[in-house]
Amino acid sequence: MPSQLPPLFLARMQRLLGDEYPAFLASYDAPPSVGLRINTQKIHPDQFKTLAPFSLTPVPGVPAGFVVPPDTRPGKHPYHTAGLYYLQDPSAMMVAQLMSPQPGQRVLDLAAAPGGKTTHIAALMQGQGILIANDIDSQRAHILCKNLDRWGTRNTIVLSEPPSRLADHFGAYFDRVLIDAPCSGEGMFRKAPSARAAWRPQLVQDSALQQDAILEAAARLVRPGGLLAYATCTFAPEENEGTIARFLRNQPQFTLETPSLQPGFSPGRPEWLTPSKRIPHLERTLRLWPHKTPGEGHFIALLRHTGESPPQPQADSYTPSPIPRDEKSYFEAFSQSTLNWTPPKSRLALMGSYLYAIPPDCPNLRGLNVIRWGWWLGIMKKKRFEPSHALGAGLRAEDVGDTLPLSRDDPATSAYLSGQVLPSRGPKGWVLITVDGFPLGWGKRVQGRLKPHFPTWLRQF
């Protein structure tokens with residue numbers, strides 16, 4: 001692998017790391033770590049340990065994070081389809097953990113796709129508060145939606161807007177803002193040949209300029225007392241300590257927090273900048289290295305807003321319009337025949353043919369490109385309501401009247417995941433298929449046959 005790395009990148013890392021360089025270089029001869037983070041809204045880590053079909057090694061500092069053997073293929077397991085865990089690089093798990101979003105807060109993930117850090121934030125918020133996940137690329141935002149559906153989030157809104165437009169709309173609204181910044185991707189070289197092929201010194205400079213613009217907008221979104229978390233998966237000082245130094249010169253109302261250092265974590269390296277570009281306390285930033293910790297490497301900075309914000313526009317609350325009578329009756333008929341759970345009637349909103357449960361205290365999103373308005377419950381068809389996969393994933397098995405309980409090793413589980421019709425006795429109607437007690441997806445029973453209603457993007461053909 002080292003022979004496949006860009007020579008100019010290696011020369012720079014050797015100059016910066018000195019005696020550490022041989023250990024850093026040797027890490028590229030090892031296979032990448034496979035990390036998974038447990039969905040604590042569905043299962044406790046201790047319970048998952050008793051069910052896990054593969055060995056688990058804890059990730060330091062992340063109670064729900066583990067490393068699994070690389071040959072276990074956890075992404076093909078029914079537990080992954082059921083949203084019991086998310087596959088994520090171990091070093092990337094530390095970002096949301098240090099950001100520490102709390103239940104009931106207003107949180108923004110500014111560059112959220114594909115959703116690794118967003119799902120972590122959602123779990124830490126325990127379904128309480130407002131989580132807005134944004135990605136400027138609408139196609140990537142739709143990929144984000146799929147991962148949130150599988151995760152079973154109820155309080156997450158998905159947008160696709162430039163950061164500056166969000167700042168103009170919301171003002172200093174959020175308790176926590178995360179920027180998983182676009183970068184030169186040097187931390188992905190071991191996993192992604194495309195990242196190695198795309199790397200150029202100019203990409204580092206271009207990424208730093210883009211990061212400056214995103215941070216400027218993000219600063220306007222954080223309320224006084226709130227926290228701005230900045231992260232990259234690159235090693236370049238220009239994009240890490242350099243970006244934070246430039247930001248703090250322009251935003252004196254922000255100060256660097258001191259993160260808790262777990263074993264193997266390293267402080268930032270202000271000495272890698274020229275003296276004229278340094279500012280105090282850059283060592284309070286955090287570096288995770290592939291030769292010191294599991295994972296591909298990360299840079300993290302936690303910035304506290306300690307000043308007073310000038311008057312800014314504040315987003316008012318959103319009040320859903322009443323649902324038309326016919327569509328309301330279709331959903332009520334489904335709920336009465338299928339659910340043991342009472343939907344939040346005061347927060348239901350129909351957007352086109354899509355029915356949502358809007359998060360409590362939802363801000364006004366008028367004028368923004370909204371991809372998801374909250375918990376997607378389903379879609380209105382001709383004179384009927386059809387439940388979404390997101391609804392089933394966000395419920396518990398006991399919330400549904402008719403279930404088909406399967407186990408992970410049951411041949412019917414594989415058959416369902418591949419889209420096959422299953423034999424099933426019972427009354428006609430919607431059935432929630434579960435795996436070892438956890439929702440896997442919907443099926444519809446007619447005349448003793450259960451037809452899967454399961455997203456094609458989740459099917460295992």
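All residue numbers in this chain count up from 1 along the given sequence.
- For the residue pair V222 and G226, the shortest heavy atom distance occurs at CG1-C, 3.5 Å.
- More than 12 heavy atoms of other residues, nucleotides or ligands sit less than 6.0 Å from atom CZ of R278.
- When side chains are defined from C-beta on, P69 does not count as touching V34, because their heavy atoms never get closer than 4.5 Å.
- Shown here are the side-chain hydrogen bond (donor to acceptor under 3.5 Å, both in side chains) partners of R304, two or more places apart in sequence or in another chain: E257.
- Between F235 and F24, the distance from one ring center to the other falls under 6.0 angstrom.
- Taking the side chain as every heavy atom from C-beta outward, Y230 and L302 never approach each other to under 4.5 Å.
- Using a 3.5 Å distance cut-off with no hydrogens or angles, the side chains of Q253 and H305 do not pair a donor with an acceptor.
- With respect to D168 and R220, a salt bridge is recorded, a charged nitrogen being found less than 4.0 Å from a carboxylate O.
- Ring geometry for F54 against F48 counts as tilted: the plane angle lies between 30° and 60°, on a 0 to 90° scale.
- Looking at R372 and D149, a side-chain N of the basic residue comes within less than 4.0 Å of a carboxylate O on the acidic one, giving a salt bridge.
- Summarising the geometry, atom CG belonging to L17 is positioned 9.5 Å from atom CZ belonging to R12; distances are rounded to the nearest 0.5 Å.
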Please lay out, stage by stage, how Q126 and Q41 fare under the test side chain to side chain donor-acceptor pair (under 3.5 Å).
CA-CA 6 Å; Q126 301 174 28; Q41 290 185 274; over 6 Å; no
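- A 4.5 Å side-chain heavy-atom check between R269 and R287 finds at least one atom pair inside the cut-off.
- S184 and T234 form a side-chain donor-acceptor contact under 3.5 Å, judged by distance and modelled atom types alone.
- Aromatic pair Y354/W376: ring centres closer than 6.0 Å.
- A heavy-atom distance below 4.5 Å is not found between the side chains of N155 and I130.
- Checked by atom type and distance alone, the side chain of R37 never pairs as donor or acceptor with a backbone atom of F66 at under 3.5 Å.
- Residues P78 and V435 come closest through the heavy atom pair CB-CG2, 4.2 Å.
- A salt bridge does not link R196 with E186: none of the charged nitrogens is closer than 4.0 Å to a carboxylate oxygen.
- Using a 4.0 Å cut-off between a side-chain N of Lys or Arg and a carboxylate O of Asp or Glu, E296 and R190 qualify as a salt bridge.
- From I179, atom CD1 reaches atom CG of L228 across 4.5 Å, with rounding to the nearest 0.5 Å.
- The existence of a salt bridge linking E238 and K277 is excluded, since no basic side-chain nitrogen approaches an acidic carboxylate oxygen closer than 4.0 Å.
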Given side chain to side chain donor-acceptor pair (under 3.5 Å), test Y28 with Q4 step by step and report yes or no.
CA-CA 10 Å; Y28 287 90; Q4 301 174 24; over 6 Å; no
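- With rounding to the nearest 0.5 angstrom, the CG atom of D206 is 4.5 Å from the CD atom of Q202.
- When L110, T243, I136 are each tested for a side chain to side chain contact (heavy atoms under 4.5 Å, CB included) with I214, only one passes: L110.
- Of all heavy-atom pairs between R150 and Y85, the closest is NH1-O, 3.2 Å.
- Under the 4.5 Å side-chain criterion, counting only non-hydrogen atoms from C-beta, I371 is not in contact with L159.
- With Y173 as the aromatic partner, R106 meets the cation-pi criteria of under 6.0 angstrom to the ring centre and within 45 degrees of the ring axis.
- By the 4.5 Å heavy-atom criterion applied to side chains, L288 and F299 are not counted as neighbours.
- Within 6.0 Å of atom NZ in K451, 12 or fewer heavy atoms from other residues, nucleotides or ligands are found, so the atom counts as exposed in its surroundings.
- Note: Y79 and H77 have tilted aromatic rings, judged against thresholds of 30 and 60 degrees for the angle between ring planes.
- Taking NE2 from H298 and OG1 from T293, the interatomic distance works out to 10.5 Å, rounded to the nearest 0.5 Å.
- Between Y318 and W373, the ring planes are tilted. Angles from 30° to 60° get that label.
- Within 6.0 Å of CZ on R366 lie no more than 12 heavy atoms contributed by other residues, nucleotides or ligands.
- Salt-bridge formation is not detected for the pair D109/K117: no Lys NZ or Arg NE/NH1/NH2 atom is positioned less than 4.0 Å from an Asp or Glu carboxylate oxygen.
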Could you walk me through whether E20 and H291 pass the side chain to side chain donor-acceptor pair (under 3.5 Å) test, one step at a time?
CA-CA 9 Å; E20 280 190 58; H291 61 290; 2.8 Å; yes
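- Note that CD of Q88 and CE of M94 are 10.5 Å apart. Values are rounded to the nearest 0.5 Å.
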Start with the C-alpha distance between S91 and D89, add both sets of side-chain angles, then the distance that settles side chain to side chain donor-acceptor pair (under 3.5 Å), and finish with yes or no.
CA-CA 6 Å; S91 58; D89 180 72; 2.3 Å; yes
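- Centroid-to-centroid, the aromatic rings of F254 and F247 come within less than 6.0 Å.
- Y416 and F454 have tilted rings, their planes meeting at an angle from 30° to 60° on a 0 to 90° scale.
- Proximity of V107 to M99: side-chain heavy atoms (C-beta onward) are separated by under 4.5 Å at one or more points.
- Heavy atoms from other residues, nucleotides or ligands lying under 6.0 Å from CG of D137 number more than 12.
- Side-chain contact between H120 and V62: present, with at least one pair of heavy atoms (C-beta onward) separated by less than 4.5 Å.
- When all heavy atoms of L282 and P270 are compared, the pair lying nearest together is CB-CB, 3.7 Å.
- Remark: C233 SG to N240 CG distance equals 9.5 Å, nearest 0.5 Å.
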